[in-house]
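So the structure is just underneath, and the comments pick up after that.
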Amino acid sequence: MLDSQTPTALIAAMAVHARAASRLLARVPDVDKARALAMAADAIRAAAADIIAANAADVARGEANGLSGAMLDRLRLDEARIAAMADGIAAVAALDDPVGQVIDTVTRPNGLALSRVRVPIGVIGIIYESRPNVTADAAALCVRSGNAVILRGGSEAVESNRAIHAALVAGIAAAGLPADAVQLVTTTDRAAVGAMLAAEGAIDLIIPRGGKSLVARVQAEARVPVLAHLDGINHVFVHASADAAMARDVVVNAKMRRTGVCGALETLLIDRGYPDPAALVAALKDAGCVVRGDPAEAAFGDLVEPASEADWDTEYLDAICSVALVDGVEGALAHIARHASGHTDAIVAADADVAERFLAEVDSAIVLWNASTQFADGGEFGLGAEIGIATGRLHARGPVALEGLTTYKWLGRGTGQVRP
Ligand SMILES: NC(=O)C1=CN([C@@H]2O[C@H](COP(=O)(O)OP(=O)(O)OC[C@H]3O[C@@H](n4cnc5c(N)ncnc54)[C@H](OP(=O)(O)O)[C@@H]3O)[C@@H](O)[C@H]2O)C=CC1
Ligand SMILES: N[C@@H](CCC(=O)OP(=O)(O)O)C(=O)O
């Protein structure tokens with residue numbers, strides 16, 4: 001950013017370039033977009049040493065600033081992670097192009113033939129955490145779906161993102177696609193986030209990926225349509241009918257497989273009719289988890305630390321879990337309706353009627369029966385990759401990949417029809 005350029009002017013200029021690129025990109029044939037991404041993947045592999053050097057600078061700064069172990073783990077890159085990043089881009093190149101797909105067709109009684117056809121959204125702004133692989137994943141998904149993207153990654157990853165972006169764009173440009181299709185906001189000034197949120201008409205869609213502070217800012221300031229990818233206050237409800245071994249395995253996996261991801265379990269709800277609640281709490285503790293609940297509940301006793309009201313609305317992203325006893329599925333549905341963030345909630349039950357009711361009535365992007373919340377992932381859903389997990393209520397919910405980055409338009413083919 002030039003010293004004289006305000007964040008608002010910077011974003012405005014980037015959006016103008018992005019718009020021009022998006023118009024070109026929307027017309028690029030499938031085969032050329034796929035080739036450009038294959039070349040971008042090669043460019044990332046070739047730039048591995050540069051990316052690792054840039055990442056080392058970010059990690060050193062993060063360590064000096066006291067970043068947590070979990071944050072440093074998300075930030076850190078090595079040869080294997082860079083190879084996985086390049087493979088991810090190549091995998092997106094191999095996916096079917098959604099642009100031009102015909103969703104449905106109808107011929108009206110007057111002979112007017114209508115069809116709905118997928119088109120790119122246009123210019124997408126993505127604000128995300130300090131996880132450098134998101135730079136590559138998000139850029140690849142946007143280009144493959146014909147969108148130009150403005151990327152604003154976390155400030156701790158700024159050097160890594162610069163290096164990844166430089167390689168990506170070199171690959172894309174070498175294939176003849178516009179370099180402005182993928183632009184990176186390199187200032188860490190959060191005013192640029194505000195400018196993106198306010199860029200009504202210049203940016204078509206903002207995807208914010210982050211936690212509470214970002215949520216608050218988006219809610220207060222966004223004038224551009226938002227596809228929120230926000231926090232995961234996720235629940236597992238263990239019904240009285242649940243198989244004990246399955247319940248234990250699902251609960252421990254949902255919490256402990258990776259505690260720092262947005263799909264991790266945060267609150268365990270156990271039916272008062274479940275025979276052995278203490279066994280579930282003990283399994284979490286054995287796996288290294290701190291469990292917070294009501295010590296006055298005889299079922300928990302001294303297994304739990306006292307929970308406060310705030311615990312039910314807390315995303316720990318750590319080896320900490322809250323637990324409560326609830327009265328059947330009614331109690332679980334009421335608790336989830338009050339405290340869930342719309343990300344992922346699961347039930348463990350043998351009773352199919354209860355499970356189907358849970359699936360129907362929990363209003364989250366992903367609702368699971370007898371499976372771990374850690375499956376909240378585009379790769380696990382067979383989408384090839386993901387921008388993240390959309391937690392709002394618009395057309396794209398849960399893992400967002402190529403289809404979620406498109407909209408559609410109606411095409412009508414007539415023979416001179418006029419409306420009476
Ligand atoms: N649903 C999903 O797909 C995903 C959700 N998440 C959620 O993200 C959270 C963890 O990520 P975390 O590292 O804490 O991310 P943060 O929310 O701290 O940061 C994410 C991005 O938002 C920016 N940001 C945060 N607050 C503000 C603000 N007030 N004004 C302007 N910009 C802001 C950050 O910039 P800066 O660098 O300046 O801090 C960063 O670019 C968890 O809640 C997790 O569930 C994470 C991944 C995927
Ligand atoms: N959906 C992905 C993880 C996404 C995610 O939570 O990212 P982050 O919070 O940056 O670690 C997965 O389950 O692997």
Side-chain angles (χ1 to χ4, degrees), residues 7 11 58 61-62 65 67-76 81 84 88 125-135 137-138 141 150-161 184-198 206-222 226-234 253-254 257-266 313-318 340-344 364-366 371-381 383-392 396-401 404:
I11 297 300
D58 283 336
R61 191 167 14 86
N65 291 340
L67 271 194
S68 70
M71 291 280 284
L72 286 168
D73 179 55
R74 272 154 134 200
L75 179 59
R76 192 170 278 119
R81 284 185 174 184
I126 307 183
I127 302 156
Y128 54 99
E129 73 279 23
S130 294
R131 202 185 215 250
N133 69 292
V134 179
T135 305
D137 292 347
L141 285 167
I150 297 174
L151 299 165
R152 199 290 186 181
S155 51
E156 296 94 350
V158 68
E159 298 303 333
S160 315
N161 287 340
L184 180 73
V185 178
T186 52
T187 173
T188 55
D189 186 343
R190 284 182 167 186
V193 171
M196 289 172 75
L197 294 174
I206 290 284
I207 299 181
R209 238 183 93 128
K212 288 269 177 275
S213 164
L214 182 60
V215 177
R217 183 145 195 187
V218 169
Q219 281 169 349
E221 296 181 23
V226 167
L227 191 58
H229 284 49
L230 300 176
D231 54 334
I233 301 182
N234 308 316
N253 180 270
R257 175 186 160 272
R258 280 184 64 199
T259 59
V261 295
C262 57
L265 163 67
E266 304 296 7
D313 299 303
T314 297
E315 185 192 32
Y316 305 106
L317 295 173
D318 203 346
S341 61
H343 193 293
T344 301
S364 293
I366 304 172
S372 168
T373 57
Q374 297 257 349
F375 282 110
D377 178 69
E380 291 293 332
F381 276 42
L383 303 180
E386 68 171 19
I387 291 284
I389 309 296
T391 48
R397 300 181 84 185
V400 171

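Counting starts at 1 for both ligands and their atoms, following the listed order. Because only heavy atoms are used, hydrogens play no part in the values below, and waters and symmetry mates are left out as well, while side chains stay in. Because the structure is a prediction, the values reported are computed rather than measured.
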Atom 7 (C) of ligand 1 has as its nearest protein heavy atom Gly210 O, 3.3 Å

Note: ligand 2 atoms sitting under 4.0 Å from heavy atoms of Ala376 are 1 (N), 13 (O)

Note: heavy atom closest to atom 34 (C) of ligand 1, options Arg152, His343, Arg131, belongs to Arg152

Contact (N/O only, under 3.5 Å) between Glu129 and ligand 2: yes

heavy-atom search around atom 38 (O) of ligand 1 in the protein gives Arg190 NE, 2.9 Å

Any nitrogen or oxygen of Arg131 lying under 3.5 Å from a nitrogen or oxygen in ligand 2? Just yes or no.
yes

Counting heavy atoms under 4.0 Å, the part of Arg74 that contacts ligand 1 is side chain

Arg209 heavy atoms within 4.0 Å reach ligand 2 at atoms 4 (C), 5 (C), 7 (O), 10 (O)

The single option from Leu151, Ile150, Val158 that satisfies side-chain contact (heavy atoms from CB on, under 4.5 Å) with Leu184 is Leu151

Practice problem: State whether any protein heavy atom lies less than 4.0 Å from atom 14 (O) of ligand 1. | Solution: no

Nearest non-hydrogen protein atom to atom 14 (O) of ligand 2, with distance, is Asp377 OD1, 3.5 Å

closest protein heavy atom to atom 3 (O) of ligand 1 is Ile389 N, 2.7 Å

Within the 4.0 Å heavy-atom cut-off, what Glu386 brings close to ligand 2 is side chain

of all protein heavy atoms, closest to atom 22 (O) of ligand 1 is Leu214 CD2, 3.4 Å

*Any N or O of Leu230 that comes nearer than 3.5 Å to an N or O of ligand 1?*
yes

**Message:** Does this structure show an ion pair linking Asp73 with Arg81, if we count only N-O contacts that are shorter than 4.0 Å?
**Reply:** yes

Taking only non-hydrogen atoms of Gly260 and a 4.0 Å limit, the atoms of ligand 2 in range are 9 (O)

So CG of Leu75 and CD of Glu156: to nearest 0.5 Å the spacing works out to 7.0 Å

Under 4.0 Å between heavy atoms, the region of Val261 that gets near ligand 1 turns out to be neither

shortest atom 6 (O) of ligand 2-to-protein heavy-atom contact is with Cys262 N, 2.9 Å

Contact with ligand 1 for Gly153, non-hydrogen, under 4.0 angstrom: yes

Please state whether Gly263 comes within less than 4.0 angstrom of ligand 2, counting heavy atoms only.
no

Would Ser213 count as a polar contact of ligand 1, with the cut-off being nitrogen or oxygen pairs under 3.5 Å?
yes

Exercise. Kindly confirm or rule out an N or O of Gly211 lying under 3.5 angstrom from an N or O of ligand 1.
Key: yes

When distances are taken from atom 30 (N) of ligand 1, the protein heavy atom at minimum range is Arg217 CD, 3.1 Å

Is the closest N or O pair between Thr391 and ligand 1 shorter than 3.5 Å? no

Closest to atom 41 (O) of ligand 1 among protein heavy atoms sits Tyr128 O, 2.7 Å

Taking distance alone, with N or O pairs closer than 3.5 Å, would you say Thr188 contacts ligand 1?
no

protein heavy-atom neighbour closest to atom 9 (O) of ligand 2 works out as Arg74 NH2, 2.9 Å

Nearest non-hydrogen protein atom to atom 42 (C) of ligand 1, with distance, is Glu315 OE1, 3.2 Å

If you scan protein heavy atoms around atom 19 (O) of ligand 1, the nearest is Glu129 CA, 4.4 Å

dist Ser341:OG -> Asp313:CG (nearest 0.5 Å) comes out at 10.0 Å

